[in-house]
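Since the structure is predicted, the reported quantities are computational estimates derived from the model, not experimental observations.
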Amino acid sequence: SVLSHLGLEKIGLPYSLRLSSDVKRPSGRVLSFMQYYHEWSVIGANVKICLNNQDELISWTVNLLDTEAKPYRDFQFDKSEAVRLAQSSIGVTKLRSSPRSDKVILPRNGIPKPCWRIELPAASPLGDWEVFIDGYNGEVLLIEDRLLRFNGVGNVFDPDPKTSLN
């Protein structure tokens with residue numbers, strides 16, 4: 001396999017790589033793998049491999065967490081407490097739909113932090129908030145608004161300019 005060619009087929013357990021996408025393109029295909037620690041995804045850790053039409057290796061990028069790092073696995077906060085902490089850290093007063101949550105590893109300064117990743121589709125304040133709560137001490141490690149916003153004038157084409165103009 002391509003992973004074995006790169007020496008990545010057996011990264012140190014309990015870490016593993018899982019195929020997240022296999023995208024076919026005119027010039028070949030792109031394989032993307034995500035890194036996991038047990039069943040938890042490692043945020044930002046991935047391998048991207050580009051192959052030509054003969055499945056020959058063209059290029060690759062590797063961004064993995066050091067497999068010697070062994071994060072703790074004991075969460076001191078349950079999911080409902082993590083959601084409450086996330087909502088209060090942003091000041092959410094109304095949601096557009098139910099929050100989603102999962103356990104993940106968030107590397108911080110090279111140290112793997114087991115976290116709750118909380119996704120809050122908020123109506124007030126408006127945003128698609130992603131909040132990472134340290135699973136051990138409840139510290140808010142990262143808050144990002146993933147809502148896409150646009151302020152300006154432009155053209156919209158569905159599905160693309162060439163098709164729309166014909």
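- Under the rule for a side chain to side chain donor-acceptor pair (under 3.5 Å), the partners of Ser80 that lie at least two apart in sequence or sit in another chain are Asp78.
- Every residue two or more places apart in sequence or in another chain that forms a side chain to side chain donor-acceptor pair (under 3.5 Å) with Arg84 is listed here: Glu81.
- Here Trp116 pairs with Phe75 under the ring-ring contact (aromatic ring centres under 6.0 Å, His included) rule; sequence neighbours left out.
- The two residues Cys50 and Val30 have their closest heavy-atom pair at SG-CG2, 4.1 Å.
- Counting heavy atoms of neighbouring residues, nucleotides and ligands inside a 6.0 Å radius, atom CZ of Arg108 exceeds 12 of them.
- The two residues Val140 and Ser89 come nearest to each other via the heavy atoms CG2-CB, 3.8 Å.
- Screening residues 77-114 for ring-ring contact (aromatic ring centres under 6.0 Å, His included) gives no qualifying pairs among residues at least two apart or on separate chains.
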List the atom pairs, donor and acceptor, that lie under 3.5 Å between side-chain atoms in residues 31-39 and the rest of the protein, sequence neighbours left out.
unit_1 : atom_1 : unit_2 : atom_2 : d
Gln35  : OE1    : Leu65  : N      : 2.8
Gln35  : NE2    : Leu65  : O      : 3.2
Tyr37  : OH     : Pro71  : O      : 3.4

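- For Leu57, the side-chain contact (heavy atoms from CB on, under 4.5 Å) partners at least two apart in sequence or on another chain are Val2, His5, Leu6, Ile49, Leu51, Trp60.
- Residue pairs satisfying the salt bridge (charged side-chain N to carboxylate O under 4.0 Å, His left out) criterion with at least one member in residues 53-69, sequence neighbours excluded, are listed as follows: Arg29-Asp55.
- Taking the side-chain contact (heavy atoms from CB on, under 4.5 Å) definition, one finds that Val23 meets it with Ser21, Arg25, sequence neighbours left out.
- With sequence neighbours excluded, no residue forms a side chain to side chain donor-acceptor pair (under 3.5 Å) with Asn53.
- Note: the hydrophobic cluster containing Ile58 does not contain Leu19 (ILVMFWY, side chain heavy atoms under 4.5 Å, direct or indirect links).
- Sorted by first and then second residue, the pairs that involve residues 126-140 and meet side-chain hydrogen bond (donor to acceptor under 3.5 Å, both in side chains), not counting sequence neighbours, are Tyr72-Asp134, Arg96-Asp128, Glu130-Arg146.
- Side-chain contact check for Ile90 versus Asp145: every heavy-atom pair is 4.5 Å or farther apart.
- Grouped by direct or indirect side-chain proximity (heavy atoms under 4.5 Å, Ile/Leu/Val/Met/Phe/Trp/Tyr only), Leu141 sits with Ile43, Val104, Leu106, Phe132, Leu142.
- Smallest separation of non-hydrogen atoms from Pro114 and Ile105: CA-CD1, 3.9 Å.
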For residues 117-125, dump all side-chain donor-acceptor pairs below 3.5 Å to protein atoms at least two apart in sequence or in another chain.
unit_1 : atom_1 : unit_2 : atom_2 : d
Arg117 : NE     : Asp102 : OD1    : 3.2
Arg117 : NH2    : Asp102 : OD2    : 2.9
Ser124 : OG     : Thr93  : OG1    : 3.1

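- Heavy atoms of other residues, nucleotides or ligands lying less than 6.0 angstrom from NZ of Lys79 number 12 at most.
- Annotation for Lys48: atom NZ does not count as buried by contact number, only 12 or fewer foreign heavy atoms lying within 6.0 Å.
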